[in-house]
Amino acid sequence: MQNEQIISLTSLRTDQKLEESIQSLSNQKLDMYRPDFSRFLRFCQVENRKPDYDALEKYLHHSIVDQRVKLSTFNRRFAGVQFYLMHVLNLTQTEEQKKRIKLIRQLYNTEDYIRLKAMRGVRAERQEEVLQLINRYDTNKKADIRKRAICFVNLITANRPSEMVRLKVSDFDLTHRTVLVTLKKQGEMKEKRLTLECVKAIEKYLNTFNLQPTDYFVGGADRWGNYRNRMITERSYNRLIHEWLGFAPYTLRKTQITHMHRKHADLPTIAKQSGHKSLQTISEHYLEVDYSEVDEFL
(Lines give C-alpha, C1' and ligand atoms only; values in the text may rest on other atoms or scores of the structure.)
Protein backbone atom coordinates (compact mmCIF):
# COMPACT_ATOMS: atom_id res chain seq x y z
CA MET A 1 0.00 0.00 0.00
CA GLN A 2 2.89 2.34 0.85
CA ASN A 3 4.63 1.58 -2.50
CA GLU A 4 1.40 2.35 -4.39
CA GLN A 5 1.19 5.73 -2.64
CA ILE A 6 4.82 6.57 -3.51
CA ILE A 7 4.30 5.63 -7.17
CA SER A 8 1.13 7.69 -7.25
CA LEU A 9 2.87 10.79 -5.84
CA THR A 10 5.77 10.35 -8.26
CA SER A 11 3.37 10.07 -11.18
CA LEU A 12 1.54 13.20 -10.07
CA ARG A 13 4.80 15.17 -9.93
CA THR A 14 5.76 13.92 -13.40
CA ASP A 15 2.36 14.87 -14.79
CA GLN A 16 2.58 18.28 -13.15
CA LYS A 17 6.03 18.98 -14.62
CA LEU A 18 4.78 18.00 -18.08
CA GLU A 19 1.77 20.30 -17.85
CA GLU A 20 3.94 23.15 -16.58
CA SER A 21 6.31 22.74 -19.54
CA ILE A 22 3.45 22.68 -22.05
CA GLN A 23 1.82 25.69 -20.43
CA SER A 24 5.11 27.60 -20.41
CA LEU A 25 5.66 27.00 -24.14
CA SER A 26 2.06 27.94 -24.89
CA ASN A 27 2.39 31.16 -22.87
CA GLN A 28 5.52 32.12 -24.82
CA LYS A 29 3.60 31.87 -28.09
CA LEU A 30 0.64 33.73 -26.63
CA ASP A 31 2.94 36.58 -25.62
CA MET A 32 4.61 36.58 -29.04
CA TYR A 33 1.30 36.77 -30.94
CA ARG A 34 -0.64 38.97 -28.48
CA PRO A 35 -0.04 42.28 -30.35
CA ASP A 36 -1.36 40.78 -33.60
CA PHE A 37 -4.45 39.35 -31.93
CA SER A 38 -5.13 42.63 -30.10
CA ARG A 39 -5.03 44.44 -33.44
CA PHE A 40 -7.48 41.88 -34.86
CA LEU A 41 -9.84 42.36 -31.89
CA ARG A 42 -9.87 46.11 -32.45
CA PHE A 43 -10.84 45.51 -36.07
CA CYS A 44 -13.68 43.21 -34.92
CA GLN A 45 -14.94 45.83 -32.45
CA VAL A 46 -14.96 48.60 -35.06
CA GLU A 47 -16.80 46.38 -37.54
CA ASN A 48 -19.02 44.80 -34.89
CA ARG A 49 -17.85 41.32 -35.85
CA LYS A 50 -17.43 38.17 -33.82
CA PRO A 51 -13.74 37.12 -33.63
CA ASP A 52 -13.69 33.99 -35.79
CA TYR A 53 -12.29 32.76 -39.09
CA ASP A 54 -14.91 34.64 -41.09
CA ALA A 55 -13.75 37.88 -39.46
CA LEU A 56 -10.13 36.85 -40.08
CA GLU A 57 -10.83 36.73 -43.84
CA LYS A 58 -12.20 40.28 -43.73
CA TYR A 59 -9.32 41.46 -41.57
CA LEU A 60 -6.65 40.03 -43.89
CA HIS A 61 -8.36 41.47 -46.96
CA HIS A 62 -8.57 44.84 -45.20
CA SER A 63 -4.86 44.58 -44.36
CA ILE A 64 -3.96 44.29 -48.05
CA VAL A 65 -6.52 46.47 -49.79
CA ASP A 66 -6.95 49.30 -47.27
CA GLN A 67 -3.78 49.25 -45.20
CA ARG A 68 -1.48 47.95 -47.97
CA VAL A 69 0.70 45.95 -45.58
CA LYS A 70 3.66 44.00 -46.91
CA LEU A 71 3.44 40.25 -47.49
CA SER A 72 5.70 39.57 -44.50
CA THR A 73 3.33 41.54 -42.25
CA PHE A 74 0.32 39.73 -43.73
CA ASN A 75 1.89 36.34 -42.94
CA ARG A 76 2.71 37.37 -39.38
CA ARG A 77 -0.79 38.69 -38.75
CA PHE A 78 -2.33 35.51 -40.11
CA ALA A 79 -0.10 33.26 -37.98
CA GLY A 80 -0.78 35.27 -34.81
CA VAL A 81 -4.55 35.46 -35.14
CA GLN A 82 -4.82 31.83 -36.24
CA PHE A 83 -2.91 30.70 -33.15
CA TYR A 84 -5.32 32.53 -30.85
CA LEU A 85 -8.42 31.30 -32.68
CA MET A 86 -7.21 27.70 -32.46
CA HIS A 87 -5.65 27.58 -29.00
CA VAL A 88 -7.56 30.21 -27.04
CA LEU A 89 -11.01 30.30 -28.62
CA ASN A 90 -10.83 26.60 -29.65
CA LEU A 91 -12.13 27.30 -33.16
CA THR A 92 -11.46 24.99 -36.09
CA GLN A 93 -10.77 26.28 -39.58
CA THR A 94 -12.68 24.58 -42.39
CA GLU A 95 -11.07 23.51 -45.66
CA GLU A 96 -13.15 26.11 -47.49
CA GLN A 97 -11.87 28.84 -45.18
CA LYS A 98 -8.27 27.71 -45.80
CA LYS A 99 -8.82 27.94 -49.56
CA ARG A 100 -10.35 31.42 -49.28
CA ILE A 101 -7.39 32.77 -47.27
CA LYS A 102 -4.99 31.31 -49.84
CA LEU A 103 -6.89 33.18 -52.52
CA ILE A 104 -6.74 36.41 -50.51
CA ARG A 105 -2.96 36.00 -50.21
CA GLN A 106 -2.74 35.69 -54.01
CA LEU A 107 -3.69 39.37 -54.26
CA TYR A 108 0.04 39.98 -53.76
CA ASN A 109 0.61 38.41 -57.19
CA THR A 110 -1.59 40.99 -58.92
CA GLU A 111 -0.34 44.23 -60.47
CA ASP A 112 -2.09 46.39 -57.88
CA TYR A 113 -0.31 44.83 -54.90
CA ILE A 114 2.82 43.14 -56.25
CA ARG A 115 5.03 45.98 -54.94
CA LEU A 116 3.97 45.01 -51.42
CA LYS A 117 5.57 41.63 -52.01
CA ALA A 118 9.07 42.99 -52.52
CA MET A 119 11.61 42.44 -49.75
CA ARG A 120 14.04 45.28 -49.08
CA GLY A 121 16.35 44.25 -46.31
CA VAL A 122 19.52 45.59 -44.77
CA ARG A 123 22.31 45.89 -47.32
CA ALA A 124 25.35 43.67 -47.05
CA GLU A 125 28.81 45.25 -46.93
CA ARG A 126 32.11 43.98 -48.28
CA GLN A 127 33.63 41.62 -45.71
CA GLU A 128 37.07 43.20 -46.01
CA GLU A 129 35.60 46.63 -45.24
CA VAL A 130 33.74 45.29 -42.19
CA LEU A 131 36.93 43.61 -40.98
CA GLN A 132 38.70 46.97 -41.22
CA LEU A 133 36.05 48.46 -38.94
CA ILE A 134 36.38 45.57 -36.49
CA ASN A 135 40.19 45.73 -36.50
CA ARG A 136 40.08 49.34 -35.34
CA TYR A 137 39.61 47.69 -31.94
CA ASP A 138 42.78 45.59 -32.28
CA THR A 139 44.39 47.29 -29.29
CA ASN A 140 45.31 46.30 -25.75
CA LYS A 141 42.51 48.33 -24.18
CA LYS A 142 40.13 46.06 -22.29
CA ALA A 143 37.02 47.61 -23.81
CA ASP A 144 38.43 47.28 -27.35
CA ILE A 145 39.41 43.64 -26.80
CA ARG A 146 35.81 42.84 -25.85
CA LYS A 147 34.35 44.77 -28.78
CA ARG A 148 36.63 43.12 -31.35
CA ALA A 149 35.97 39.57 -30.12
CA ILE A 150 32.19 40.02 -30.06
CA CYS A 151 32.02 41.68 -33.50
CA PHE A 152 34.38 39.09 -34.98
CA VAL A 153 32.30 36.18 -33.72
CA ASN A 154 29.07 37.80 -34.96
CA LEU A 155 30.56 38.29 -38.43
CA ILE A 156 32.13 34.86 -38.93
CA THR A 157 29.20 32.88 -37.48
CA ALA A 158 26.53 35.06 -39.18
CA ASN A 159 24.62 34.82 -35.90
CA ARG A 160 21.34 36.55 -35.20
CA PRO A 161 21.24 38.92 -32.18
CA SER A 162 19.14 36.34 -30.29
CA GLU A 163 21.94 33.82 -30.79
CA MET A 164 24.76 36.14 -29.81
CA VAL A 165 23.27 37.16 -26.45
CA ARG A 166 22.74 33.48 -25.53
CA LEU A 167 26.29 32.33 -26.25
CA LYS A 168 28.22 31.04 -23.25
CA VAL A 169 31.96 30.54 -22.94
CA SER A 170 31.40 26.78 -22.63
CA ASP A 171 29.84 26.77 -26.10
CA PHE A 172 33.25 27.44 -27.68
CA ASP A 173 35.70 24.70 -28.64
CA LEU A 174 38.66 26.83 -29.63
CA THR A 175 40.94 23.83 -30.19
CA HIS A 176 38.70 22.62 -33.01
CA ARG A 177 37.62 26.16 -34.02
CA THR A 178 33.90 25.57 -33.48
CA VAL A 179 31.07 27.06 -31.45
CA LEU A 180 27.69 25.60 -30.50
CA VAL A 181 24.98 28.18 -31.15
CA THR A 182 21.50 28.10 -29.64
CA LEU A 183 19.09 28.73 -32.51
CA LYS A 184 16.14 30.24 -30.67
CA LYS A 185 14.07 30.43 -33.86
CA GLN A 186 14.44 26.70 -34.62
CA GLY A 187 14.74 25.50 -31.02
CA GLU A 188 17.98 23.58 -31.54
CA MET A 189 21.78 23.77 -31.27
CA LYS A 190 23.99 24.26 -34.32
CA GLU A 191 27.77 23.87 -34.60
CA LYS A 192 29.47 26.65 -36.55
CA ARG A 193 33.04 27.12 -37.68
CA LEU A 194 35.46 29.88 -36.63
CA THR A 195 38.48 31.30 -38.43
CA LEU A 196 41.93 31.20 -36.84
CA GLU A 197 42.02 34.99 -36.50
CA CYS A 198 38.60 34.91 -34.82
CA VAL A 199 39.82 32.24 -32.37
CA LYS A 200 42.79 34.42 -31.42
CA ALA A 201 40.48 37.38 -30.75
CA ILE A 202 38.28 35.16 -28.55
CA GLU A 203 41.25 33.80 -26.59
CA LYS A 204 42.52 37.32 -25.92
CA TYR A 205 39.07 38.35 -24.69
CA LEU A 206 38.58 35.32 -22.43
CA ASN A 207 42.06 35.71 -20.89
CA THR A 208 41.79 39.48 -20.42
CA PHE A 209 38.48 39.26 -18.56
CA ASN A 210 39.18 35.86 -16.95
CA LEU A 211 35.84 34.53 -18.21
CA GLN A 212 34.62 31.18 -16.90
CA PRO A 213 32.75 28.41 -18.81
CA THR A 214 29.40 29.40 -17.28
CA ASP A 215 29.80 33.08 -18.21
CA TYR A 216 27.86 34.67 -21.06
CA PHE A 217 30.19 35.45 -23.96
CA VAL A 218 28.71 38.88 -24.65
CA GLY A 219 27.51 39.62 -21.14
CA GLY A 220 27.16 43.13 -19.86
CA ALA A 221 29.55 45.88 -18.86
CA ASP A 222 29.32 48.82 -16.49
CA ARG A 223 30.33 52.36 -17.46
CA TRP A 224 33.93 51.63 -16.50
CA GLY A 225 34.08 48.64 -18.82
CA ASN A 226 33.96 45.96 -16.12
CA TYR A 227 32.36 42.72 -17.33
CA ARG A 228 29.05 41.59 -15.81
CA ASN A 229 27.87 37.99 -16.21
CA ARG A 230 24.29 38.41 -17.43
CA MET A 231 22.34 37.91 -20.63
CA ILE A 232 21.62 41.30 -22.15
CA THR A 233 18.51 41.92 -24.24
CA GLU A 234 18.54 41.74 -28.03
CA ARG A 235 17.66 45.43 -28.13
CA SER A 236 20.69 46.28 -25.99
CA TYR A 237 22.87 44.14 -28.25
CA ASN A 238 21.57 45.91 -31.36
CA ARG A 239 22.40 49.24 -29.75
CA LEU A 240 25.95 48.10 -28.88
CA ILE A 241 26.81 46.90 -32.39
CA HIS A 242 25.36 50.04 -33.92
CA GLU A 243 27.44 52.11 -31.51
CA TRP A 244 30.64 50.14 -32.26
CA LEU A 245 30.34 49.68 -36.03
CA GLY A 246 27.71 52.14 -37.20
CA PHE A 247 25.17 49.58 -38.41
CA ALA A 248 22.84 46.87 -37.09
CA PRO A 249 23.98 43.30 -36.26
CA TYR A 250 22.01 41.92 -39.22
CA THR A 251 24.47 43.71 -41.51
CA LEU A 252 27.16 41.38 -40.13
CA ARG A 253 24.95 38.37 -40.84
CA LYS A 254 24.16 39.45 -44.39
CA THR A 255 27.75 40.45 -45.06
CA GLN A 256 29.04 36.99 -44.14
CA ILE A 257 26.38 35.18 -46.17
CA THR A 258 27.03 37.25 -49.30
CA HIS A 259 30.81 36.91 -48.78
CA MET A 260 30.51 33.10 -48.76
CA HIS A 261 28.33 33.31 -51.86
CA ARG A 262 30.93 35.45 -53.66
CA LYS A 263 33.51 32.80 -52.85
CA HIS A 264 31.23 30.30 -54.65
CA ALA A 265 29.97 28.43 -51.58
CA ASP A 266 26.82 26.46 -52.40
CA LEU A 267 23.58 27.18 -50.53
CA PRO A 268 23.74 24.08 -48.23
CA THR A 269 27.23 25.17 -47.10
CA ILE A 270 26.01 28.72 -46.43
CA ALA A 271 22.98 27.34 -44.56
CA LYS A 272 25.23 25.21 -42.36
CA GLN A 273 27.16 28.28 -41.17
CA SER A 274 24.23 30.71 -41.01
CA GLY A 275 21.76 28.33 -39.33
CA HIS A 276 19.08 28.61 -42.01
CA LYS A 277 16.70 25.72 -42.59
CA SER A 278 15.35 27.05 -45.87
CA LEU A 279 17.68 27.47 -48.84
CA GLN A 280 14.96 29.55 -50.48
CA THR A 281 15.13 32.05 -47.63
CA ILE A 282 18.86 32.53 -48.21
CA SER A 283 18.37 33.00 -51.93
CA GLU A 284 15.41 35.38 -51.72
CA HIS A 285 16.11 37.42 -48.59
CA TYR A 286 19.91 37.56 -48.44
CA LEU A 287 21.56 37.13 -51.83
CA GLU A 288 19.14 39.31 -53.77
CA VAL A 289 19.93 42.38 -51.66
CA ASP A 290 23.60 42.29 -52.75
CA TYR A 291 24.10 44.39 -55.88
CA SER A 292 27.90 44.54 -55.93
CA GLU A 293 28.20 41.85 -58.59
CA VAL A 294 25.69 43.67 -60.79
CA ASP A 295 27.49 46.98 -60.29
CA GLU A 296 30.68 45.52 -61.77
CA PHE A 297 28.95 45.16 -65.14
CA LEU A 298 27.16 48.52 -65.28
Side-chain angles (χ1 to χ4, degrees), residues 1-41 51-53 56 75-95 97-98 153 157 159-194 202 206 209-220 227-237 271-278 281:
M1 191 72 177
Q2 188 175 359
N3 287 339
E4 288 181 4
Q5 187 177 8
I6 294 173
I7 293 172
S8 178
L9 288 172
T10 303
S11 300
L12 285 172
R13 291 193 191 99
T14 301
D15 293 345
Q16 184 180 2
K17 287 179 181 178
L18 171 61
E19 292 306 317
E20 287 174 353
S21 295
I22 291 174
Q23 190 61 50
S24 175
L25 291 170
S26 179
N27 288 339
Q28 287 178 24
K29 280 208 166 185
L30 288 172
D31 289 339
M32 181 173 64
Y33 290 134
R34 184 170 285 113
D36 293 301
F37 188 66
S38 297
R39 192 178 291 109
F40 170 66
L41 286 180
D52 56 19
Y53 281 102
L56 176 58
N75 289 335
R76 193 198 67 234
R77 288 186 177 185
F78 172 59
V81 175
Q82 184 184 45
F83 183 84
Y84 265 80
L85 293 179
M86 288 177 60
H87 298 282
V88 178
L89 301 183
N90 297 316
L91 299 178
T92 303
Q93 189 179 22
T94 66
E95 290 301 318
Q97 287 169 335
K98 290 178 183 178
V153 168
T157 60
N159 278 346
R160 303 173 179 89
S162 62
E163 295 157 3
M164 286 300 300
V165 299
R166 286 170 171 77
L167 278 180
K168 290 205 169 187
V169 173
S170 59
D171 295 327
F172 290 88
D173 182 351
L174 299 183
T175 302
H176 297 96
R177 287 169 41 192
T178 61
V179 58
L180 275 174
V181 178
T182 303
L183 305 184
K184 181 186 174 186
K185 193 173 182 180
Q186 288 93 342
E188 60 186 42
M189 299 287 288
K190 184 88 170 181
E191 187 176 75
K192 297 187 178 186
R193 296 287 295 167
L194 302 168
I202 296 167
L206 301 186
F209 287 85
N210 192 30
L211 298 189
Q212 302 303 308
T214 56
D215 290 337
Y216 283 101
F217 177 71
V218 175
Y227 172 88
R228 293 289 180 267
N229 182 29
R230 59 185 178 86
M231 188 178 82
I232 64 172
T233 65
E234 294 172 37
R235 180 176 294 183
S236 296
Y237 183 74
K272 188 172 183 180
Q273 184 70 357
S274 65
H276 279 102
K277 276 193 172 182
S278 168
T281 299

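Keep in mind that the numbers below use all heavy atoms, side chains included, and drop hydrogens, waters and symmetry copies.
- When all heavy atoms are compared, the tightest approach of Y216 to V165 is CD2-O, 3.6 Å.
- Between F209 atom CZ and N229 atom CG the span is 13.0 Å, to the nearest 0.5 Å.
- Atom NZ of K184 sits about 4.5 Å away from atom CZ of R166, to the nearest 0.5 Å.
- For the side chain to side chain donor-acceptor pair (under 3.5 Å) test with K192, the passing option among D171, T178, N159 is N159; the others fail.
- Looking only at side-chain heavy atoms (C-beta outward), I202 and V179 stay at 4.5 Å or farther from each other.
- Ring-plane geometry between F217 and F172 is classed as tilted, the angle between the planes lying from 30 to 60 degrees on a 0 to 90 degree scale.
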* Check against salt bridge (charged side-chain N to carboxylate O under 4.0 Å, His left out), E95 and K98 -> CA-CA 5 Å; E95 290 301 318; K98 290 178 183 178; 3.3 Å; yes
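- A donor-acceptor pair under 3.5 Å links the side-chain atoms of T14 to the main chain of T10, judged by distance alone.
- Closest approach of P213 and K168 over heavy atoms only: O-CB, 4.2 Å.
- Under the 4.5 Å side-chain criterion, counting only non-hydrogen atoms from C-beta, R160 is in contact with L183.
- Nearest heavy-atom pair, T233 versus S236, reported as atom, atom and distance to 0.1 Å: OG1-OG, 2.9 Å.
- Between P51 and L41, the shortest heavy-atom contact is CB-CD2, 3.9 Å.
- Nearest heavy-atom pair across I232 and V218 is CD1-CG1, 3.8 Å.
- The backbone N or O of K17 lies less than 3.5 Å from no partner atom in the side chain of E19, so there is not a single donor-acceptor pair.
- Applying the side chain to side chain contact (heavy atoms under 4.5 Å, CB included) test to S38 and every residue at least two apart in sequence or in another chain returns R34, R42.
- Partners of D215 by salt bridge (Lys or Arg N to Asp or Glu O under 4.0 Å), not counting sequence neighbours: none found.
- Separation of atoms OG1 (T94) and OH (Y53) is listed at 9.5 Å; rounding is to 0.5 Å.
- Looking at heavy atoms from C-beta onward, D173 lies out of side-chain contact with L194 at the 4.5 angstrom threshold.
- Rounding to the nearest 0.5 angstrom, the gap separating the CG atom in L56 from the CZ atom in F37 is 10.0 Å.
- With rounding to the nearest 0.5 Å, the separation of CD in Q82 from CG in D36 is 12.5 Å.
- Applying the ring pair (Phe, Tyr, Trp, His ring centres under 6.0 Å) test to pairs two or more places apart or on separate chains, none has a residue in residues 174-193.
- Distance check, rounded to the nearest 0.5 Å: OG1 of T182 to CE of M189 gives 3.5 Å.
- Side-chain atoms of Y84 come within 3.5 Å of backbone atoms of L30 as a donor-acceptor pair (strictly under, hydrogens ignored).
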